[in-house]
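Every chain is numbered from 1 and lettered A, B, ... according to where its sequence line falls, protein lines coming before strand lines. Hydrogens, waters and symmetry mates play no part in the numbers below; they use all other heavy atoms, side chains included.
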Amino acid sequence: MSAVRKVGATPQAIQAHYDAGDAFFALFLDPTRTYSCALFNGDDDLDAAQRAKIDWHLDQSGVAADKRLLDIGCGWGALIERAVWARDAAHATGLTLSAAQAAHVASMGHARLEVRLEDWADHAPSAPYDAITSVGAFEHFAAAGLSRDVRVDAYRRFFTKCAAMLAPGGRLSIQTIAYPAAFDRAAYDATDYGAFVRERIFPESDLPTLPEILEAADSVFEPVIIRNDRRHYARTARIWRRRLRERRDEAVALVGQRRVDDLDRYFRTSAGAFDIGTLQLLRVAFQKRRA
Amino acid sequence: MPAFSEAEIRAAIRASLASALSVAESTLDDDRDFDAYGLPSLEAVELAGELEDFLGREIDAEAIFDHPSVAQLARHLASAA
């Protein structure tokens, strides 16, 4: 076990959340099973908005023909698959801690796609990458209950590792749920909902704030674009919830009523929290600093 | 989709608010600001969610802040139906 992993969520915690089974997630996610906030343009449906989200990160990280991409927390592989098929990337590597996700990506069997069941801290690339993306993984990089300093240190190790894996001028595009900078974590933890999310939805994980992210990145990356698309996540979560309710009987048969009820509550309340700004959805593009 | 009267919506809001605050419904004042009850924002969000399920349609949680009392919120939700 790496030193870094000790301050983030363990593989067991990640697997508890994401290994519920492909069939279960397929009930409410889009066909690529992208389990993170979409990017809506106008009346886009979820499928189009998930593609637009992936394209935004491919654009910001500079993925193009002959470029090498690393995707940290690759989920079911939608982003790396699109990098190879739509952008003609030379090579795309995905890292995940979920065995179910890794098996799915491996089954795509594309010569320029690689998936590894590996922590980013342990990844040793054979050659530098030109681009790194990480969508919906940052939420798991710091465990709950850490002090701000320890959390920022964990994030700093992530950015330092990314910079070390990138060629000069390389770009990094991340997406994460975040709290407002002035958020009162102790008060939140004391609420029923705070305890519910910590114990039943995302065990062992905590969320960053934008200042923590920028502070942690500063020695190795400069920010290029920062977006807070919280309204997009409210919309995404409401679509997932609607779909999960439509397929409720099948969902209960697959994972049990308690898990379905938990996700229903999580989607409902997080959508409202994104509505009012108690939660943010950050998309931040960075460029590796030259000095 | 069921249509609810303002009075029915008001009753639903009162039930959710009393439950969120762990007080008897009879102690609630329909014209008092939610803020004055010390309702934490996440509990307000859960209240909006319960109303969403009661009404069978999606509600922007910001409505809680734009219409911050039982009476105002009930009027808003009844007129926006």
Let me know if B:Ile59 has heavy atoms under 4.5 Å from chain A in its side chain, its backbone, both or neither.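 Backbone only.
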Show me, pair by pair, the donor and acceptor atoms from chain B and chain A that are under 3.5 Å apart.
{"residue": "B:Glu46", "atom": "OE1", "partner": "A:Arg265", "partner atom": "NH2", "Å": "2.8"}
{"residue": "B:Glu46", "atom": "OE2", "partner": "A:Arg265", "partner atom": "NE", "Å": "3.2"}
{"residue": "B:Glu46", "atom": "OE2", "partner": "A:Thr269", "partner atom": "OG1", "Å": "2.6"}
{"residue": "B:Gly49", "atom": "O", "partner": "A:Arg268", "partner atom": "NH1", "Å": "3.4"}
{"residue": "B:Asp53", "atom": "OD1", "partner": "A:Arg241", "partner atom": "NH1", "Å": "3.1"}
{"residue": "B:Asp53", "atom": "OD1", "partner": "A:Arg241", "partner atom": "NH2", "Å": "3.0"}
{"residue": "B:Asp53", "atom": "OD2", "partner": "A:Arg241", "partner atom": "NH2", "Å": "2.9"}
{"residue": "B:Asp53", "atom": "OD2", "partner": "A:Arg268", "partner atom": "NH1", "Å": "2.8"}
{"residue": "B:Glu58", "atom": "OE1", "partner": "A:Arg242", "partner atom": "NH2", "Å": "3.2"}
{"residue": "B:Glu58", "atom": "OE2", "partner": "A:Arg242", "partner atom": "NE", "Å": "3.2"}
{"residue": "B:Glu58", "atom": "OE2", "partner": "A:Arg242", "partner atom": "NH2", "Å": "3.1"}
{"residue": "B:Ile59", "atom": "O", "partner": "A:Arg238", "partner atom": "NH2", "Å": "3.0"}
{"residue": "B:Asp60", "atom": "OD1", "partner": "A:Arg231", "partner atom": "NH1", "Å": "3.2"}
{"residue": "B:Asp60", "atom": "OD2", "partner": "A:Arg231", "partner atom": "NH1", "Å": "2.8"}
{"residue": "B:Asp60", "atom": "OD2", "partner": "A:Arg231", "partner atom": "NH2", "Å": "3.4"}
{"residue": "B:Ala61", "atom": "N", "partner": "A:Asp275", "partner atom": "OD2", "Å": "2.8"}
{"residue": "B:Glu62", "atom": "OE1", "partner": "A:Arg231", "partner atom": "NH2", "Å": "2.8"}

Just do the side-chain contact (heavy atoms from CB on, under 4.5 Å) check on B:Ile64 and A:Ile276 with the steps written out, would you? CA-CA 9 Å; B:Ile64 296 274; A:Ile276 65 170; over 6 Å; no
